[in-house]
Visitor: 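Got a structure for you, questions after.
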Amino acid sequence: MADSQAQEARRRGAVYLDFQATTPLEPKALDAMMPYLTEKFGNPHSATHRFGWEGKAGVDVARKRVAELIHAAPEEITFLSGATEANNLALKGVLEAAPRERNRLLIAETEHACIRETAAYLATRGYEVTHLPVDGEGLLRLDALEAALDARVALVSVMLVNNEIGVIQPLAEIARLAHAAGALVHSDIAQAAGKIPVDVAALGLDLASISSHKLYGPKGIGAIYVRKGVRIAPQIHGGGQEAGLRSGTLAPFLCVGFGEAARIARERLEDDQAHVAALWRQAVDAFTEAGIPWRLNGSATRRYFGNLNVSFPGVDGARLLADLRGFAVSSGAACASSVGKSSYVLEALGVDARTAQATLRIGFGRTTTSEEVAEMTAAVIKAVRAQLNVTWRR
Ligand SMILES: Cc1ncc(COP(=O)(O)O)c(C=O)c1O
């Protein structure tokens, strides 16, 4: 368990509740990585001696474990630097390899910045990009998808679990519609892999992107799943590693840590899910019982319960965050919080701008305790009451 890291975080004066931004490294994953930083230093692509074979053996086991987590075959897994790179490769790789007459890309309005920005870049290269709307619960409007699909669509990209609001998109249905129009389907499963059961074949995915650091593995590594038979254009050229799809020497210690984290996530999936669901319920019950005004963003049922995105109408979001200094929560996606942008995800759900700024994204994970959730809810309730009482007196 990564308990010691959570305890360390507490010693530093904050309760960690930002598991969508990243997760602490599993100590067992770190243990598995260490030999590949010391004695097992060989280049995994050196085929002529035992140093290379040793590195390759570690990478092979890791690839198998990542594949098992999503019910793929090891040959369908390519290691790369993370989900950002995987998403870039998926979108650019599919569109560049598609027949000339298939030049359209459909993405959901609520995709991660690395999908939106890649799509925006592709639009500057002459591809046609369409953003598909979601409903008030954050779920993709299938009628809009159906209306947008035609014989010119090369790829539909919709994430499985949303990083800001935690909703689970109806991917199997999306894939069925897209395939009927002859399009390929990609999903950013960075927030889903290791958190909810994922079976890429059952979902009908042609490509999927995974990030190691979202599932208690090391940062700096991820994977792309490319279904057997799907051809995409590589974006990094060089020595032809990873079957020519992604050149560059692999880092066995990162692959091994990612693989071990994936193995543990698969083993713990049911327990982890039950754990975060209980914490989610505890937090929601506390807000309700306190009688403060609050609203849940995103579907209450079609969701990953490690994410709780809540707005407190009438409250000043910046002041609320300031009052919660002892808690590592966020007001949205980590990448947006650093540049102070408002949430395009909440906007897509129809949340008004004032309410959107009074929003917290609270993430629960493997190491979160019920006591931590009780402390957090008590602090939120106190801060919200303090602000609203002042407003009422005015
Ligand atoms: C849904 C989603 N996609 C992609 C990424 C980027 O992943 P990475 O940090 O591995 O590049 C993140 C993490 O912020 C994410 O939440």
Side-chain angles (χ1 to χ4, degrees), residues 2 22-90 92-93 96-97 189-190 193-194 200 207-267:
T22 196
T23 54
L25 182 64
E26 258 296 335
K28 277 190 200 151
L30 177 62
D31 290 346
M33 292 164 72
M34 290 308 278
Y36 292 88
L37 281 161
T38 50
E39 73 266 26
K40 296 186 180 184
F41 65 85
N43 182 327
H45 312 291
S46 297
T48 52
H49 51 70
R50 59 176 289 272
F51 295 91
W53 303 333
E54 222 167 42
K56 182 174 182 304
V59 170
D60 286 348
V61 171
R63 198 186 305 280
K64 186 165 170 286
R65 289 179 171 168
V66 172
E68 282 167 354
L69 181 65
I70 59 167
H71 297 266
E75 316 79 74
E76 295 173 315
I77 299 296
T78 296
F79 287 122
L80 31 64
S81 64
T84 300
E85 186 185 337
N87 286 339
N88 269 264
L89 175 56
K92 294 173 187 169
E96 283 180 12
I189 61 169
V200 284
L207 305 108
S209 305
I210 314 181
S211 175
S212 155
H213 74 96
K214 308 286 185 184
L215 52 85
Y216 305 87
K219 294 172 183 57
I221 182 156
I224 186 168
Y225 156 79
V226 183
R227 183 174 59 74
K228 234 172 274 167
V230 172
R231 293 273 160 267
I232 64 173
Q235 299 299 310
I236 295 186
H237 304 93
Q241 291 92 344
E242 294 297 84
L245 190 54
R246 203 275 195 173
S247 286
T249 304
L250 286 175
F253 78 105
L254 291 178
C255 299
V256 167
F258 181 16
E260 182 64 3
R263 183 191 68 75
I264 295 167
R266 184 160 167 252
E267 200 178 88

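No experiment lies behind these values; they were computed from the predicted model shown. Computation of the quantities below employed the complete heavy-atom set of this structure, encompassing side-chain atoms and omitting hydrogens, waters and symmetry-equivalent molecules.
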Visitor: What heavy-atom pair brings Thr249 and Pro44 nearest, and what distance separates the two atoms?
Guide: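 In terms of heavy atoms, the two residues are closest at CG2-CD, 4.2 Å.
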Visitor: Distance-only, no hydrogens or angles: does the Glu76 side chain make a donor-acceptor pair with backbone N or O of Arg227 under 3.5 Å?
Guide: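 Answer holds: no.
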Visitor: Not counting sequence neighbours, which residues clear side-chain hydrogen bond (donor to acceptor under 3.5 Å, both in side chains) with Gln235? List them please.
Guide: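 Gln235 satisfies side-chain hydrogen bond (donor to acceptor under 3.5 Å, both in side chains) with Glu96 once adjacent residues are dropped.
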Visitor: Going by heavy atoms in the side chains, are Ile210 and Phe258 under 4.5 Å from each other?
Guide: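 The answer is yes; the side chains approach within 4.5 Å.
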Visitor: Say you draw a straight line from CD1 of Ile70 to CZ of Arg266; how long is it, rounded to the nearest 0.5 Å?
Guide: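 Output value for this atom pair is 11.5 Å.
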Visitor: Could you please spell out the steps behind the side chain to side chain donor-acceptor pair (under 3.5 Å) verdict for His237 and Ser247?
Guide: CA-CA 5 Å; His237 304 93; Ser247 286; over 6 Å; no
Visitor: Can you tell me how far CG of Leu245 sits from CG of Leu80, rounded to the nearest 0.5 angstrom?
Guide: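 The CG atom of Leu80 sits 8.0 Å away from the CG atom of Leu245.
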Visitor: Please walk me through it: do Asp60 and Lys64 pass salt bridge (charged side-chain N to carboxylate O under 4.0 Å, His left out)?
Guide: CA-CA 6 Å; Asp60 286 348; Lys64 186 165 170 286; over 6 Å; no
Visitor: Does Arg50 offer a backbone N or O that forms a donor-acceptor pair with the side chain of Glu54 under 3.5 Å?
Guide: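 Not a single qualifying donor-acceptor pair exists.
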Visitor: Please examine the side chains of Tyr216 and Leu25, heavy atoms only from C-beta on, and report whether any two atoms are closer than 4.5 Å.
Guide: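 Side-chain contact under 4.5 Å: no.
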Visitor: Write out all pairs satisfying ring-ring contact (aromatic ring centres under 6.0 Å, His included) with one or both partners inside residues 50-72, taking only residues at least two apart or from two chains.
Guide: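 Sorted pair list: Phe41-Phe51, His49-Phe51.
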Visitor: Could you grab the distance from atom CG of Leu89 to atom OG1 of Thr84, nearest 0.5 Å is fine?
Guide: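 It is 12.5 Å, given to the nearest 0.5 Å.
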Visitor: Side chain of His45, backbone of Leu250: donor and acceptor closer than 3.5 Å?
Guide: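 Confirmed, His45 side chain pairs with Leu250 backbone.
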Visitor: With distance as the sole test, does Ser212 use its side chain to make a donor-acceptor pair with the main-chain N or O of Pro218 at under 3.5 Å?
Guide: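 Answer holds: yes.
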Visitor: Rounded at 0.5 Å granularity, tell me how far OG in Ser81 sits from CD1 in Ile236.
Guide: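 Nearest 0.5 Å value for the OG-CD1 distance: 7.0 Å.
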Visitor: Can you confirm whether Cys255 sits close enough to Ile221 that some side-chain heavy atom of one is under 4.5 Å from a side-chain heavy atom of the other?
Guide: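 They are in contact (side-chain heavy atoms under 4.5 Å apart), so the answer is yes.
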Visitor: State whether the side chain of Arg63 and the backbone N or O of Ile77 hold a donor-acceptor pair below 3.5 Å, judged by distance alone.
Guide: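 Present.
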Visitor: Would you say Thr23 and Leu215 make side-chain contact, with heavy atoms under 4.5 Å?
Guide: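 Of all side-chain heavy-atom pairs linking Leu215 with Thr23, none is under 4.5 Å.
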Visitor: Side chains of Lys219 and Thr22: any donor to acceptor distance under 3.5 Å?
Guide: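 Yes - a donor-acceptor pair under 3.5 Å links their side chains.
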Visitor: With rounding to the nearest 0.5 angstrom, report the CD1 to CD distance, Ile264 to Glu260.
Guide: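 Reported value, rounded in 0.5 Å steps: 4.5 Å.
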Visitor: First locate atom CD of Glu85, then atom CG of Asn87, and finally report the distance between them rounded to the nearest 0.5 Å.
Guide: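 Reported value, rounded in 0.5 Å steps: 10.5 Å.
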Visitor: Measure the shortest side-chain to side-chain distance between Ile224 and Phe79 over non-hydrogen atoms and say whether it is less than 4.5 angstrom.
Guide: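 SC-SC contact between Ile224 and Phe79 ruled out.
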Visitor: One pair to check against salt bridge (charged side-chain N to carboxylate O under 4.0 Å, His left out): Arg263 and Glu68. What are the steps and the verdict?
Guide: CA-CA 8 Å; Arg263 183 191 68 75; Glu68 282 167 354; over 6 Å; no
Visitor: Between Lys40 and Pro252, is any pair of side-chain heavy atoms under 4.5 Å apart?
Guide: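 Answer no - side chains too far apart.
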Visitor: Does a side-chain heavy-atom distance below 4.5 Å link Arg246 with Gln241?
Guide: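 The answer is no, as the side chains (C-beta and beyond) never meet within the 4.5 Å cut-off.
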